[in-house]
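Here, residue 1 is the first one in the sequence, and each next residue gets the next number.
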Amino acid sequence: MLQKPRGTRDFLPEEMEQRRSIEQRMREVARRWGYREVCTPDFEHLELFTMKSGEGIIQEMYVFEDKSGRKMTLRPEVTAAVLRMYVNEGRVIPKPIRWCYFADCFRYERPQKGRYRQFWQFGVELIGADTALADAEVIMLADDMLRSTGVTFDLHVGHLAPMKHILSGLDPGDQGLIMACLDKHDLEGLEAVLAARGLSHLAEPLAALSGCRSVDEVFEVTGDVPERTRIEETFGILDSQGVSYRPDFGIARGLDYYTGTVFEGFARNLGAENQILGGGAYRLAHLFGGEDVASCGFAIGFDRVMVSLGEVELPHESVVGVVCTPEARTRALQVARAFREAGIRAEVDLMQRGLSAQVAHAAKTAEFVVIVGKREVEAGTVTLKNLSTGEQKEMGLEDAIAGVAGHGHR
């Protein structure tokens with residue numbers, strides 16, 4: 001028996017309905033903020049991602065050659081593809097550009113709970129606005145979107161300028177090693193790297209920066225930096241709007257990618273693998289042949305959100321089983337169509353069962369059965385039976401539809 005590929009999943013109807021329910025909540029939030037959905041190809045030229053992240057990412061990707069020998073890859077993330085699309089299609093669109101996406105991505109890594117080789121991201125990109133308010137809007141949208149799902153989370157917000165100030169003048173390779181330790185919160189590893197390179201004097205300011213819990217504390221550690229006004233304005237907007245977050249200037253993600261504001265979200269009930277959101281301000285378009293344009297965005301790990309939520313309660317929906325005798329089949333199909341046109345889920349027996357067997361089968365999924373036999377056809381009526389109470393009554397089709405609708409979504 002063939003099995004699904006490792007790191008992938010099959011979703012049965014109930015799980016898909018739960019996923020679509022949460023996805024729709026996120027889409028609605030994005031819509032209210034003015035972010036419109038875009039879609040990029042599932043596969044792109046390999047160069048698109050190596051230009052952004054370096055050759056090292058190749059070992060984590062599904063890379064292949066097409067029939068013309070071009071190196072292609074399944075997308076490992078969506079931001080680069082969206083900015084490539086902006087350069088190709090969107091440079092003449094009035095700015096700022098507010099785009100969002102929901103897409104599956106592919107990475108060849110060790111599968112574990114909440115981490116898969118095929119996974120989904122809900123993301124947002126704000127392109128062409130280089131202001132504190134733009135950064136704050138994206139953070140507030142991320143907060144609003146996560147809250148809409150019902151997940152319990154902690155939001156951390158920082159800025160890379162203070163850390164870059166402390167590390168200024170260092171060799172890029174040394175910066176990378178230091179940032180890797182900070183990103184993993186590996187203090188012992190950090191001390192070892194600093195000691196080996198004669199940089200132990202940086203241990204204290206880096207530790208102090210990571211421990212800062214207010215903007216004022218940050219500048220007590222670093223002194224003034226050119227971005228101070230921008231940082232203070234961004235955090236001031238968040239405070240004025242009552243956003244619940246923790247200042248975290250120890251965020252070290254993507255020093256060579258992000259340019260300023262950075263933020264992360266962590267689910268409270270997922271243990272070690274608890275990051276469900278990551279984002280910040282960046283500049284990518286110039287790498288792909290466009291002008292240098294400020295951007296800010298984030299991606300939500302949709303699968304981890306679903307793991308954090310567990311069972312999702314879906315809106316109640318009444319289901320009708322339409323059962324009939326053989327001579328009433330044509331009328332039964334018309335009845336089923338009328339229920340569907342009224343927005344009610346209706347299922348017809350396809351197995352040529354007897355009437356009592358049809359009712360028994362419908363009772364497995366339906367709350368009501370609508371019986372159509374010779375008498376109902378001649379009278380222009382249907383018999384509506386409530387399977388939970390056993391009550392049944394012959395009535396007109398419109399009355400039956402109204403009766404079921406009264407028990408519908410609630």
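- T73 contributes atom OG1, which lies 10.5 Å from atom CZ of R107 (distance to the nearest 0.5 angstrom).
- Salt-bridge check for E376 with R331: failed, with every basic side-chain N at 4.0 Å or more from each acidic carboxylate O.
- No side-chain donor-acceptor contact under 3.5 Å links R9 to the backbone of K4.
- The environment of R213 atom CZ is dense: over 12 non-hydrogen atoms of other residues, nucleotides or ligands sit within 6.0 angstrom.
- The distance from the CG atom of L48 to the CZ atom of F288 is 4.5 Å, given to the nearest 0.5 Å.
- In this structure, CZ on R75 lies 8.0 Å from CD on E44, to the nearest 0.5 angstrom.
- The line from SG of C39 to CE of M85 is 8.0 Å long, rounded to the nearest 0.5 Å.
- Between atom OH of residue Y86 and atom NZ of residue K95 there is a gap of 3.0 Å, rounded to the nearest 0.5 Å.
- Between F263 and D248 there is no side-chain heavy-atom pair separated by less than 4.5 Å.
- Side-chain contact check for T383 and Q392: no donor-acceptor pair (N or O, by modelled atom type) lies under 3.5 Å.
- Proximity of the aromatic rings of Y245 and F235 is defined here by a centroid distance below 6.0 angstrom, and this criterion is met.
- The shortest side-chain heavy-atom distance between L206 and I178 falls under the 4.5 Å cut-off.
- Between M145 and W33, every side-chain heavy-atom pair lies at or beyond the 4.5 Å cut-off.
- Here the CD1-CZ distance, from I127 to R91, works out to 12.0 Å after rounding to the nearest 0.5 Å.
- Taking 4.0 Å as the cut-off between side-chain N and carboxylate O, E378 and R375 do not count as a salt-bridged pair.
- Salt bridge annotation for R228-E232: present, with a cationic side-chain nitrogen under 4.0 angstrom from a carboxylate oxygen.
- Taking the six-membered ring for Trp and the full ring otherwise, Y108 and Y62 have centroids separated by under 6.0 Å.
- Put simply, the side chain of R340 gets close to the backbone of A346: a donor and an acceptor are under 3.5 Å apart.
- Annotation: side chain of L155 is not in contact with side chain of L146 (no heavy-atom distance under 4.5 Å).
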Could you walk me through whether R25 and E28 pass the salt bridge (Lys or Arg N to Asp or Glu O under 4.0 Å) check? CA-CA 5 Å; R25 295 182 199 176; E28 176 57 22; over 6 Å; no

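- Ion pair D399/K393 not flagged as a salt bridge, since none of the NZ, NE, NH1 or NH2 atoms sits closer than 4.0 Å to an Asp/Glu carboxylate oxygen.
- Side-chain contact between L83 and S295: present, with at least one pair of heavy atoms (C-beta onward) separated by less than 4.5 Å.
- Evaluated for a side chain to side chain donor-acceptor pair (under 3.5 Å) with S308, the options D303, N269, T152 yield exactly one hit, N269.
- The closest side-chain donor-acceptor pair between E125 and T79 falls under 3.5 angstrom.
- Side-chain atoms of T259 come within 3.5 Å of backbone atoms of A281 as a donor-acceptor pair (strictly under, hydrogens ignored).
- Ion pairing between a basic and an acidic side chain is recognised when a charged N comes within 4.0 Å of a carboxylate O; E137 and R98 show such pairing.
- A salt bridge links R27 to E23: one of the charged nitrogens lies within less than 4.0 Å of a carboxylate oxygen.
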